[in-house]
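Proteins get letters first, then strands, A, B, ... in listed order; numbering begins at 1 in each.
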Amino acid sequence: MNLFLAFDFTNFVGRFHPILVHLPIGFLLLGILMEWYQRWKKTEKLSDLIGYAWLLGAIGGAFAAFCGWWLGETGLYFEDDLFLHRWVGILIVIISLVGWWLKKDSTRHSAATHRITNLLILGLLIFEGHLGGNLTHGASYLFEYAPEPIKNLMLNEESDIMDFSAADSVIVYNDLVQPIFEQKCFACHDNKVQRGGLNMASIDSMLVGGDGGPAFLSGNVIESELFRRVTLPQKNIKFMPPVGDPLTYDEIKVLEWWIASGAAADKSLTDLEVPESIKPTLLRRYSLDTNPKPYYETVNIPPLDSVTIANVEENGFTVKILGATNPLLDVKFSGTDLTDEQLRSLEPAAEHITWLSLANTNITDEGLATIANFKNLTRLQLEKTNIGDPGVAALSALKHLESLNLYRTKVTDECLTDLEKMEGLRRVYLWQTEITSNKAKALQDNNEELQLIIGQG
Amino acid sequence: MCTHEHKKNYTRRDFLTKTTLGMGALTMGSMLDPMSLFGKEKSLSGIPNLNGGGVLGQAHFPPKVKRVIYLFQSGAPSQIDLFDHKPLLNKMNGQDLPESVQQGQRLTGMSSGQATLPIAGSPFSFKQHGDSGALMSELMPHTAKIVDDLCFIKSMYTEAINHDPAVTFFQTGSQLPGRPSIGSWVSYGLGTDNKNLPEFVVLVTKDKFGQPLYSRAWGNGFLPSQHQGVQFRAGKDPVLYLTNPPGIDGKTRREQLDQLQRLEKINHDDLGDPEILARMAQYEMAFRMQTSVPEIMDTTDESDYIYDMYGEDSRKPGTFAANCILARRLAERDVKFIQLYHQGWDQHGNLPSAIKVQCKETDQATAALITDLKQRGMLEDTLVIWGGEFGRTNYSQGQLTDTNFGRDHHPKCFTIFMAGAGIKKGFSLGATDDFGYNVVQRPVHVHDFQATLMHLLGIDHERLTFKFQGRRYRLTDVHGEVVKEILA
């Protein structure tokens with residue numbers, strides 16, 4: 001026992017397993033091949049060497065099994081696969097011994113007995129080898145680069161890549177935290193193996209904890225044993241995981257955030273408050289953009305037909321589709337002389353126009369009544385026009401309008417009450433207007449999200 | 001499209017390739033998009049049509065930025081004396097830079113032979129400004145007032161250690177000459193918003209010296225020539241050779257051009273050289289610029305307080321401040337990419353006095369430009385960028401005295417800032433170590449910067465490519481990741 005403690009016996013002996021394991025396989029295959037050859041050549045009596053090959057195979061196999069047992073004890077392997085691999089290995093050793101006994105005096109046994117033993121050991125060797133390979137390289141190793149149909153058939157792969165397009169569909173524990181445990185902790189701490197008495201398969205079992213108490217305390221990162229263990233210096237004997245890759249910076253950050261926010265089981269990303277410090281991690285590691293999307297990216301309508309667009313263009317507007325992923329329109333009047341008829345030509349596109357510039361035109365307050373129906377409008381440029389307060393009043397129904405440019409127009413302090421009514425409004429440009437700066441400031445103080453840009457000079 | 005293939009003799013091999021693979025591709029194409037086979041007006045040569053649409057047709061995704069004003073500070077401003085405050089350098093002033101910091105970094109020939117690399121603390125004082133608390137040196141009092149509108153990247157790094165490769169790298173994505181510049185890519189991809197002006201205009205501060213600027217920094221590389229940057233100069237002829245010669249009036253010029261276009265078309269039908277189309281487009285642009293450019297350059301309609309805001313320099317054509325006003329005027333007329341260059345930041349010696357001059361020339365106008373764009377509502381969709389091609393060392397090149405020192409080139413960290421659409425305001429990304437030598441947090445490579453810039457313009461930098469000499473090129477070569485942390 002002292003010897004066991006003097007050095008890491010488990011790992012030291014265990015790691016000889018891959019070295020030793022291939023030799024007995026060779027012996028056994030050699031024995032079988034020799035036998036087949038001699039039977040093919042119709043040799044009268046099978047060679048004694050065949051028996052010796054089986055014996056050597058059995059002895060070598062016993063050594064390999066011994067080392068392999070200890071390698072399994074290191075806790076780096078999944079218990080299910082390990083169980084099978086261990087006992088099939090031992091079975092192979094036993095059958096090899098039986099084989100040696102059969103072959104020692106081959107004539108005493110029927111050819112059928114020999115054939116069955118041969119095929120049995122061959123089948124077991126292939127199966128055992130495959131199990132070992134899976135343990136070392138992972139179950140997907142063999143077929144990872146197979147042609148697509150074979151790969152799908154063999155791996156039965158459901159895409160691991162989660163759909164992170166919508167933040168509310170991401171359950172923080174299930175989708176972000178547990179995969180870390182699965183990858184780095186479950187080998188030693190799950191329903192099958194519980195080293196140190198700890199099972200990390202569920203939140204409840206983690207709260208029950210192991211020999212050192214609960215794995216974490218909800219909302220208390222510093223006192224959480226789990227967090228302490230993964231952030232210790234790596235040389236520390238208590239550092240987790242003891243072998244294999246440590247948790248990455250991003251993983252630790254996610255874990256920290258999850259514990260700090262109460263370690264909930266079912267909260268989605270949108271339920272939790274996402275602090276600024278975790279946002280870069282979510283972006284980098286999971287491509288999760290937690291910044292709110294602008295309204296125009298949330299509108300889901302079919303694209304406008306090209307005839308309507310062409311008609312708008314013929315009326316003197318420049319029309320741009322926002323992008324290949326967004327059918328909304330960015331429309332600008334190119335000239336200065338805008339007739340009512342031209343303005344009305346926009347109506348068929350009313351739902352699609354989200355950015356509109358009528359800057360520098362002769363648009364009137366009455367004309368803006370048309371614009372008031374453009375419900376998906378988020379950005380409106382009316383600078384350098386003769387728009388006055390009635391025009392702004394007409395626009396107050398636009399609840400998604402976020403940015404309104406009124407610089408060098410005729411608006412006065414009276415329009416401020418209408419601006420206040422527009423709940424979606426964030427930025428209004430009022431440089432070179434009659435707006436007085438203290439009135440504007442008063443409104444802005446009342447409404448934190450609204451910015452009124454008065455400008456200088 | 002490969003420019004060498006325009007007058008190719010087709011071989012038997014070509015025939016077989018085209019008929020076997022080609023028919024399959026044709027079938028496939030029509031299956032995927034039945035409209036693509038017939039009727040659609042699409043230039044086979046890969047060149048956008050002459051009325052100014054970009055090759056992409058529409059942006060890959062909704063653009064946050066419609067136009068860019070890039071204030072390039074050529075020569076590399078010292079980040080240590082302007083933005084990246086390092087008190088440790090003042091404490092260790094005069095001591096040799098520890099090898100543990102330098103880590104065998106390649107130095108230029110200008111300081112690699114020095115017996116010691118004496119640490120040089122900044123003689124300028126730093127203060128926090130605005131709600132965001134950004135640190136700015138006393139050299140930039142005007143910019144300090146608008147820090148809450150700015151987004152700093154303090155962890156930029158590059159690979160080049162000399163000016164021309166570094167500028168070429170920043171502007172074209174490759175240290176070797178021959179690639180298209182950022183503005184050319186944007187022009188090629190997105191086309192124009194104002195048919196009377198080029199999509200890509202370059203303004204260089206006049207009478208500044210130092211490291212030369214080569215026009216390849218705004219060159220089109222292998223893209224069709226109409227996408228190159230057009231330089232507007234201060235003085236009588238803003239664009240060279242634009243005015244009609246004596247005795248030729250506009251009508252005559254128009255007729256002459258029409259005739260020329262007919263001849264060029266015959267030439268193109270015969271040869272198929274895309275450069276003929278580029279030339280035709282350029283003739284037309286030049287004709288339209290005969291009226292549009294004088295209108296831009298005539299700043300008499302600007303009020304006095306605008307001049308006061310941009311500083312006294314702004315009344316002198318050709319200065320950085322005057323160019324900033326022009327940049328705003330170009331942006332108001334929807335020019336997509338406006339590139340300013342201001343030389344003279346290369347302070348190998350005499351830094352304390354030279355940097356003051358540079359800051360005086362640029363600080364007020366930069367701040368005024370951003371403020372002016374903001375009050376006009378243009379920061380909604382305009383991006384302003386300020387920065388050089390690399391940084392400067394934390395040690396002195398040559399002798400360090402109480403009043404004088406210089407700084408050598410330093411590619412491993414430097415600072416740039418941006419303001420405007422699509423990016424965070426009052427934000428600072430990344431950090432350098434206490435010596436201001438290495439990046440310790442969120443390194444941002446030049447290609448990452450370029451990828452981000454394209455992203456803001458609605459372009460996926462990996463999908464805007466051009467086939468040349470047998471392979472597809474893009475601005476960011478095979479690198480570049482969008483710096484999502486700075487996106488608003």
Fill in the blank from the handout: So, the part of A:Q451 with a heavy atom under 4.5 Å from chain B: the answer is side chain
Handout entry: Heavy-atom contact with chain A under 4.5 Å, split by part of B:S303
Key = neither
Problem - B:E332 to A:Y407 - nearest heavy-atom pair and separation - result: OE2-OH, 4.2 Å
Problem - Structural part of B:D372 lying under 4.5 Å from a heavy atom of chain A - result: side chain
Practice task
State, yes or no, whether a side-chain contact exists between A:W431 and B:R376 at a heavy-atom distance under 4.5 Å.
Solution key: yes
Handout entry: Heavy atoms of other groups near B:E295 CD, more than 12 under 6.0 Å
Key = yes
Exercise for the section: State plainly whether the residues B:E380 and A:R427 are in salt-bridge range, i.e. N to O under 4.0 Å. Expected result: yes
Problem - Residue-level interface, residues 319-328 of chain A with chain B, non-hydrogen cut-off under 4.5 Å - result: A:K320, A:I321, A:L322, A:G323, A:A324, A:T325, A:N326
Problem - Contact origin within B:L56 toward chain A - heavy atom pairs under 4.5 Å - result: neither
Problem - B:D381 side chain reached by A:R379 side chain, heavy atoms, under 4.5 Å - result: yes
Handout entry: NZ/A:K375: more than 12 non-hydrogen atoms of other groups inside 6.0 Å
Key = no
Problem - Qualifying residues under side chain to side chain donor-acceptor pair (under 3.5 Å), relative to B:H60, sequence neighbours excluded - result: none
Exercise for the section: Take atom CG of A:N300 as the centre, draw a 6.0 Å sphere, and report whether it contains more than 12 heavy atoms from other residues, nucleotides or ligands. Expected result: no
Exercise for the section: Search all heavy atoms of B:P63 against all heavy atoms of A:W355 and return the closest pair with its distance. Expected result: O-CH2, 3.1 Å
Practice task
With the side chain counted from C-beta on, respond yes when A:D330 and B:K66 share a heavy-atom pair under 4.5 Å apart, and no when they do not.
Solution key: yes
Practice task
Check A:Y296 against B:P62 and note the closest heavy-atom contact, atom names and distance.
Solution key: CE1-CB, 3.9 Å
Problem - Per-residue contact mode, B:K374 against chain A (heavy atom under 4.5 angstrom) - result: both
Exercise for the section: State plainly whether the residues A:K332 and B:D334 are in salt-bridge range, i.e. N to O under 4.0 Å. Expected result: yes
Handout entry: Option in A:K279, A:E383, A:E297 with maximal non-hydrogen atom pairs under 4.5 Å from chain B
Key = A:E297
